[in-house]
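Structure, as C-alpha cells:
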Amino acid sequence: MSTGDGGCTATSLIHAGYEPQDPYRPVAVPIYQTAAYEFRDYASARSMFALKEPGFTYTRTGNPTVAVLEQRIAALDGGVAALATATGQAAVAVALLTLVRGGEHIVASSKLYGGTVDLLTDTFDDFGIEVSFADPADVGAWAAAVRPRTRAFLTESIGNPLATLQDLPAIAAVAHGAGVPLVVDNTLATPVLYRPLDHGADVVVYSATKFLGGHGTTLAGAVVDGGRFDFSAYPDKWPQLTKPKRRYGGEVLWERHGHGAYLALARSKYLHDLGPSLAPSSAVQILQGLETLDVRIAQHGQNTREVVRFLTSHPAVAAVHHPSVPDHPQAGLAVRDFPRGAGSVFSFDLAADSGQVGPFIDRLRLFKLVANVGDTRSLVAHPAAMTHCRLSREQRAAAGIGETTIRLSVGVEAAADLVADLAQALEPLAGAAPLTAGTPAAVISAGSEA
Ligand SMILES: Cc1ncc(COP(=O)(O)O)c(C=O)c1O
C-alpha cells in the first residue's frame, strides 16, 4: 500500500517518509534522542567521515527522526530532498548562504517578514553580501535589479504581514533568465495552499514554527530543494558546487550528487559548520502537527473569510489587506493561484490615529498579542512596533506597513467568537452600534498597496 509520497495529500501528510521498523514497529515516529551513533567498525567510520558511505554520524548533521520530517516535507512540496533546521530564520539563512558568498548579491522582495529583512540588511551586510529590494508586484523591477554578481532571488509566496501575492512564474522567468535560482518562503501558504516548485521556484523555505507545527509550541524550519536548477550550466557562478573542494577530498559536489548537490552542500557545510540543527523531539512535534495540516488550513481559511467579510464592512477599518477582497490589487492572482484560499495571516488598517492602536489591541480578549503566526489560537500584532520595528520608516512604507496597520493570524476557534471579539474592540473607534458577523460588505479599500 502506498505510504502517500505523492504530493501534498491528506495521506502523505500522515504517512510520507515513514515506515514502521522491526522489532517493535511503532506506529508513531520514534524519537531517536541521541547525539551520536556507534559506528559498525573503524572502516565504516572512516568512509562515513569521508562522505563515501551514507549514514548518521552525529545529530548536528542528521538524525533518523529528523530525517522522517525532512522526507515528508520534501514529498509534500515535490522536492528531491529537504533539510530541517532549528528555526525558520536558520532555514532562510542556510538556503541563501549555500548560494551567495561575500561580494555577491541577492534580489529580494520589498515585502518580507521583518526578521528576514534584519538578516539581509544587517547580518548579510556584515558578511559583504549585497541586497536589492524589488516590489513583488513589479516584475520589471526584479529584472532591473539584477547585477553580474547576483546569485539568488528571494520572495514569500504570501508576504508577511500584508498577504502580498506575486506572479511567481514571471519572477522565476526573470531569475532563470539571469541564471540564478528563485528561493521562496512558503511559510504562510504551506504546501496545502501553494507549492512554489510547481510555479517555477527552485528552493522552498519554511518557518515550520507556524502552520506546519501549527500549535505554537515548537520552533523549526526547513529548506526544500526542487533539484531542477542546473548549477553546472553556470560553473563560474557556483565554484562551491562545480569546482573540486579540498573539504570533499578534491571531489566536485555537482559530479557526486548531481541535482542533489545544493542540499548536500547546505547540510555538509552550513548545517555542519554553523550548527542550527533541529532537535529530534522538536521534529516529532512538527510531524504531529503536519498530520492535521489540511484540516486546520481549511478551518483557518473558513474563519478568515468570516473575519475579512466583517472587517471590510466596518467603519473603523480603513483597508483590509487580504487578496480575497474583490478590489485588492492581487485579487486576480488569488483566484488564479490560490483556489483553496490565500492564507489566514493578513493585515488591516485602523481608520484612527496611531494613538488608538494600543487601546484597540488591549481591548481584544480572544486575539492574543503575540509575536507569532500560524497557531490554532488567533493572534494579533502591531508590525510597526513589533515584527517590523527595526525597519526604517521608508522600508516600512515600501512594505506597505503603516502606523495603524494591524496583523491578524486567524485561528481555528469558532468564527462567531472571533468576529464578536473584533467587534467589541472596534466599537469605541467607530462610535457605532456593534456589528455582527455576516454584515454585508460596504466599504472595501485595497489600502496602501493600490
Ligand atoms: C515568513 C516567515 N519566514 C521566516 C520566519 C522565521 O521563522 P522562525 O521564527 O521559526 O525562526 C518567520 C517568523 O515569523 C516568518 O513569518
Side-chain angles (χ1 to χ4, degrees), residues 66 69 73 77 82-97 106 108-124 133 136 152 154-166 168 183-191 193-194 196 201 203-224 271 274-279 282-283 285-286 289-290 300 321 342-347 368-375 377 379-383 385-391 399-401 405 407-410:
V66 176
L69 176 65
I73 292 177
D77 261 307
L83 174 77
T85 55
T87 63
Q89 196 71 13
V92 177
V94 166
L96 292 172
L97 287 172
I106 298 168
S109 163
S110 56
K111 303 198 176 178
L112 292 174
Y113 161 61
T116 304
V117 179
D118 293 339
L119 172 72
L120 296 177
T121 57
D122 191 359
T123 299
F124 277 13
F133 290 98
L154 171 70
T155 192
E156 292 173 3
S157 52
I158 300 178
N160 179 355
L162 290 179
T164 318
L165 307 181
Q166 63 252 287
L168 205 72
V183 180
V184 175
D185 184 331
N186 200 38
T187 297
L188 299 194
T190 82
L193 296 180
Y194 192 76
V203 173
V204 180
V205 293
Y206 287 102
S207 167
T209 314
K210 319 301 182 198
F211 293 98
L212 302 191
H215 295 75
T217 60
T218 308
L219 292 168
V223 181
V224 185
L271 196 65
L274 301 177
S277 318
L278 184 65
S282 295
Q285 296 285 319
I286 305 300
L290 279 174
H300 282 293
H321 306 283
S344 50
V345 177
F346 67 98
S347 295
K368 306 295 180 192
L369 179 58
V370 166
N372 196 14
V373 296
D375 196 329
R377 298 154 195 82
L379 311 176
V380 61
H382 180 215
M386 297 170 65
T387 52
H388 292 69
C389 70
R390 279 178 293 280
L391 273 63
I401 298 167
T405 300
R407 183 184 74 187
L408 299 181
S409 175
V410 178

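Every number for a ligand or one of its atoms is a count from 1 in the order of the listing. Treat the numbers as computed from the prediction; the structure is a model and nothing was measured. Hydrogens, waters and symmetry mates are skipped; everything else that's a heavy atom, side chains included, is used.
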So which protein heavy atom does [atom] come closest to, and at what separation?
atom	answer
atom 9 (O) of ligand 1	K210 NZ, 3.6 Å
atom 10 (O) of ligand 1	T209 OG1, 2.6 Å
atom 4 (C) of ligand 1	D185 OD2, 3.6 Å

Any idea which atoms of ligand 1 are less than 4.0 Å away from a heavy-atom of [X]?
X	result
N160	16 (O)
E156	1 (C)
T87	10 (O), 11 (O)
Q89	6 (C), 7 (O), 8 (P), 11 (O)

Donor-acceptor pair, side chain of [X] and main chain of [Y], under 3.5 angstrom:
X	Y	answer
N160	L188	no
H300	G343	no
S409	G374	yes
Q89	S207	no
S347	P161	yes
E156	Y113	yes

**Request:** Please state whether L188 comes within less than 4.0 angstrom of ligand 1, counting heavy atoms only.
**Result:**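 So L188 does not count as touching ligand 1.
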
**Prompt:** Can you find a non-hydrogen atom of V373 under 4.0 Å from ligand 1?
**Reply:**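 Flag not set, V373 not near ligand 1.
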
**Message:** With respect to G88, determine whether any N or O atom, backbone or side chain, lies less than 3.5 Å from an N or O atom of ligand 1.
**Reply:**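 Yes - when backbone and side-chain N and O of G88 are compared with those of ligand 1, one distance drops under 3.5 Å.
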
**Asked** Would you say S207 and ligand 1 have an N/O pair spaced under 3.5 Å apart?
**Response**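 Looking only at distances, the answer is yes, because the N/O contact criterion of under 3.5 Å is met.
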
**Request:** Go through the steps to decide whether N186 and D77 satisfy the test side-chain contact (heavy atoms from CB on, under 4.5 Å), and finish with yes or no.
**Result:** CA-CA 10 Å; N186 200 38; D77 261 307; 4.2 Å; yes

**Asked** Where do F346 and I158 land on the side-chain contact (heavy atoms from CB on, under 4.5 Å) test, with the steps shown first?
**Response** CA-CA 9 Å; F346 67 98; I158 300 178; over 6 Å; no

